[in-house]
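We name chains A, B, ... by the order of the sequence lines, and we start the count at 1 in each one.
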Protein chains: 2
Amino acid sequence: MVNVKIQHDCKDELNGVELRATPARIALMHLLETTDRPVDVQTMISFLEKKGIQADPATVFRIVNMFTEKGLTKQIQLQEGKSRYELAAQNDHHHLVCTKCGDIQDISDCNIEVLEKEISLKKKFRVTSHSLEFFGICNDCQKKTS
Amino acid sequence: MVNVKIQHDCKDELNGVELRATPARIALMHLLETTDRPVDVQTMISFLEKKGIQADPATVFRIVNMFTEKGLTKQIQLQEGKSRYELAAQNDHHHLVCTKCGDIQDISDCNIEVLEKEISLKKKFRVTSHSLEFFGICNDCQKKTS
DNA sequence: GTTTTACTTGCGAGTTTATTGCACTTATGG
DNA sequence: CCATAAGTGCAATAAACTCGCAAGTAAAAC
């Protein structure tokens, strides 16, 4: 009797883009699917370790590059000097970055699209993507020192 | 007879923030004042070299950090994995980054402020700054392969 | 103008993020 | 179960950036 899958193993997503379902990839896909904020490579490595999968940084970098190349993830940089990754499937959204505690929240439904159209016309610049981050102090940090 | 200054030497700006007016700093201030796009450290080093000032990268990094700390410049990152610097005095504006040729244009008069206010209220997040970049293909690059 | 002093810089070593080549291992299809 | 193409570990390398310390220099004091 085969074990009943308590949660899907991401094999379909991976095979769907011609990537083999290795333990590290499956675990990372799962991490990305269950985390509500973009994840950096060091966090991924720690996560894998906790799961008993020890992975070389080079491998994790290669994995996230593959994921991004195949369109599974998006690579973003929040002015930290390193990259973070989030599922590409998530709808258009932006980030609130707390400059004190590093907390990252998502925000959605902004209408940057209006601006994009204006730019396309006025500047003759074909916008393919945009990046919008707000920096400041999150609710919790405001409470701490006020 | 003292030489008539053909252009101001930035000493006032530097002394005004308690920074000594060294050749490298003067030259870099001048570069930032005459360039219409954010400058990275390598470009600064090349620029200094052309001016006959050879400066160690560590020194340039220290200079731009000081400039930013003193409020002369702003540090920005355009998803390139490195920092760029521009005068802080420039009014609020954003960037169009061509993903093909790397060209960077400024755009101003967007009304992100409206969004900022909404976020402050809805998310109880005190926004202190924001970063907005549009990526795409600039006018020149569109012509080249069309 | 010279001295003094504190600020600056160069140099070397080190850190972090990220990439690459190569040999070894493994997931997948037959 | 086997073959093989894909994936991984390891080591070397690269680029961006930082730090400590000794030597140099701008600015102020004399």
Side-chain angles (χ1 to χ4, degrees), chain A residues 2 9-30 38-49 51-70 72-85 102, chain B residues 2 9-30 38-49 51-70 72-85 102:
Chain A
V2 186
D9 56 10
C10 305
K11 278 195 178 182
D12 294 344
E13 280 99 320
L14 291 168
N15 290 328
V17 292
E18 295 165 320
L19 289 180
R20 290 186 179 174
T22 67
R25 287 179 179 174
I26 293 168
L28 290 181
M29 276 304 288
H30 195 244
V39 186
D40 64 280
V41 167
Q42 281 313 312
T43 305
M44 291 180 185
I45 292 171
S46 312
F47 172 81
L48 290 175
E49 206 168 329
K51 290 254 170 182
I53 304 169
Q54 63 97 254
D56 195 87
T59 300
V60 179
F61 279 110
R62 268 185 294 226
I63 289 176
V64 289
N65 282 346
M66 280 308 247
F67 280 6
T68 303
E69 207 174 287
K70 297 289 187 176
L72 291 179
T73 57
K74 272 197 303 190
Q75 177 179 20
I76 62 169
Q77 285 171 42
L78 303 176
Q79 318 289 74
E80 308 166 293
K82 69 181 171 188
S83 292
R84 288 180 178 271
Y85 302 84
Chain B
V2 187
D9 57 12
C10 305
K11 277 196 181 182
D12 295 343
E13 279 100 320
L14 291 168
N15 290 329
V17 291
E18 296 165 319
L19 289 180
R20 292 188 176 172
T22 67
R25 287 178 180 175
I26 293 168
L28 289 182
M29 276 304 288
H30 195 244
V39 186
D40 64 282
V41 167
Q42 282 312 311
T43 306
M44 292 180 183
I45 292 171
S46 311
F47 172 81
L48 291 175
E49 206 167 328
K51 290 252 169 183
I53 305 168
Q54 64 97 253
D56 195 87
T59 300
V60 179
F61 279 110
R62 268 185 294 228
I63 290 176
V64 290
N65 282 346
M66 281 307 248
F67 280 6
T68 304
E69 208 173 287
K70 297 289 187 178
L72 291 179
T73 56
K74 272 196 302 190
Q75 178 180 21
I76 62 169
Q77 285 171 43
L78 304 176
Q79 317 290 73
E80 306 166 295
K82 68 181 173 190
S83 292
R84 290 180 177 270
Y85 302 85

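Of the candidates dT8(D), dT9(C), dT18(D), dT18(D) carries the atom nearest the N65(B) side chain, counting heavy atoms from C-beta on. You'll find that the side chain of F61(A) is closest to dT19(C), out of dT18(D), dG9(D), dT19(C). In this structure, of dT20(C), dG9(D), dT8(D), it is dG9(D) that holds the atom nearest to the side chain of D56(A). Nearest to the side chain of A24(B), among dA16(D), dT9(C), dT19(C), sits dT9(C).
Checking each of L78(A), V39(A), V41(A) against R84(A) for a side chain to side chain contact (heavy atoms under 4.5 Å, CB included) leaves exactly one that passes, namely L78(A).
The shortest heavy-atom contact between L48(B) and A55(B) is CD1-CB, 3.8 Å. Nearest heavy atom pair, residue G81(A) against residue Q77(B), reads N-OE1, 3.4 Å.
Considering only heavy atoms from C-beta on, L14(A) comes within 4.5 Å of L72(A) through its side chain. Looking only at side-chain heavy atoms (C-beta outward), M29(A) and I26(A) stay at 4.5 Å or farther from each other.
When the C1' atoms of four end pairs are superposed on the next four at each end of the helix from dG1(C)-dC30(D) to dG30(C)-dC1(D), using five pairs per end, the two resulting axes differ in direction by 30°, to 10°.
Between the CE atom of M44(B) and the P atom of dA16(D) there is a distance of 13 Å, given to the nearest Å. The distance between atom NZ of K82(A) and atom C1' of dT17(C), rounded to the nearest whole Å, is 10 Å. Nucleotide dC11(C) holds its P atom 12 Å from the CD1 atom of I45(B), rounded to whole Å. Between I26(B) atom CD1 and dA27(D) atom C1' there is a gap of 13 Å when expressed in whole angstrom units. Spacing between atom CD of Q42(B) and atom C1' of dC17(D) amounts to 11 Å, rounded to whole angstrom units. Look at CD on Q54(A): it is 11 Å from C1' on dC10(D), rounded to the nearest Å. Rounding to whole angstrom units, CD1 of residue I63(B) and P of dG10(C) are separated by 8 Å. Nucleotide dT25(D) holds its C1' atom 14 Å from the CD1 atom of I53(B), rounded to whole Å.
A distance of 11.0 Å separates CG of L28(B) from OG1 of T43(B), quoted to the nearest 0.5 Å.
Scanning for salt bridge (charged side-chain N to carboxylate O under 4.0 Å, His left out) contacts around E69(B) gives an empty result, with sequence neighbours left out. For N15(A), the side chain to side chain contact (heavy atoms under 4.5 Å, CB included) partners at least two apart in sequence or on another chain are K11(A). Here D56(A) pairs with nothing under the salt bridge (charged side-chain N to carboxylate O under 4.0 Å, His left out) rule; sequence neighbours left out.
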Got a list of side-chain donor-acceptor pairs under 3.5 Å for residues 58-68 of chain A, not counting sequence neighbours?
| residue | atom | partner | partner atom | Å |
| --- | --- | --- | --- | --- |
| N65(A) | ND2 | F61(A) | O | 3.4 |
| T68(A) | OG1 | V64(A) | O | 2.8 |
| T68(A) | OG1 | T73(A) | OG1 | 2.9 |

Spell out protein contact along nucleotides 22-30 of chain C as letters: B when the base is contacted, S when just the sugar-phosphate is, - when no protein heavy atom is under 4.0 Å; keep the 5' to 3' order.
-> -----BS--
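Within the structure, every side-chain polar atom (N or O) of R25(A) is placed at least 4.0 Å from both OP1 and OP2 of dA6(D).
Counting non-hydrogen atoms under 4.0 angstrom, Q77(A) reaches nothing in the nucleic acid. Here A58(B) lies in heavy-atom contact (under 4.0 Å) with a base.
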